[in-house]
Amino acid sequence: MQRRNFKDAMREMSEHTVAKIDEHLETLSRLNKEEKGELLKFGGVEMDTDYPRTILYAILNRVVHDFVPRNDEHKDTMNKVLKALETKELIERVADESIKK
């Protein structure tokens, strides 16, 4: 296996991530077209940025599942990064807020 530095490896993964986002966006567009616009019911962006943000959030949730680690070999590193980025706390906060609604 070829050794790469951290930045190069992450840049490559980010390119794969963008490709996955595009793939899911194309799927949503096709499904929306098949349902004659009923899936997304999107008129225009105008000043409302919450609509595309909501769609992106749903797509990113799917992308997280697409990129789930295949083994636990680097689980310690993953937990350190999640803690550093406060990801677990954010997920718990969003879950708590959605339960309250």
Determine the minimum heavy-atom distance between N5 and D8, stating which atoms define it. OD1-N, 2.8 Å
Count I, L, V, M, F, W, Y as connected when their side-chain heavy atoms are under 4.5 Å apart, and connections chain through other members. Are V18 and L60 then in the same cluster? no
Determine whether more than 12 heavy atoms belonging to other residues, nucleotides or ligands lie under 6.0 Å from atom CZ of F67. yes
Are K83 and E86 within salt-bridge range, i.e. N to O under 4.0 Å? no
So how far is it from D66 CG to I59 CD1, rounded to the nearest 0.5 Å? 11.0 Å
Only pairs under 3.5 Å count here: list side-chain donor-acceptor contacts from residues 27-36, not counting sequence neighbours, and write none if there are none.
residue : atom : partner : partner atom : Å
T27     : OG1  : E23     : O            : 3.0
S29     : OG   : L25     : O            : 3.0
R30     : NH1  : E34     : OE2          : 3.1
N32     : OD1  : L39     : N            : 3.3
N32     : OD1  : L40     : N            : 2.9

Interatomic distance, CZ@R11 vs CZ@F6, rounded to 0.5 Å, equals 11.0 Å
At what distance, to the nearest 0.5 angstrom, does NE2 of H24 lie from CD of E26? 12.0 Å
Which pairs of donor and acceptor atoms, one on a side chain in residues 69-81, lie under 3.5 Å apart (sequence neighbours left out)?
residue : atom : partner : partner atom : Å
N71     : OD1  : E73     : N            : 2.9
N79     : OD1  : K88     : NZ           : 3.4
N79     : ND2  : K75     : O            : 3.4

Between atom CG of L56 and atom CG of N61, what is the distance when rounded to the nearest 0.5 Å? 10.0 Å
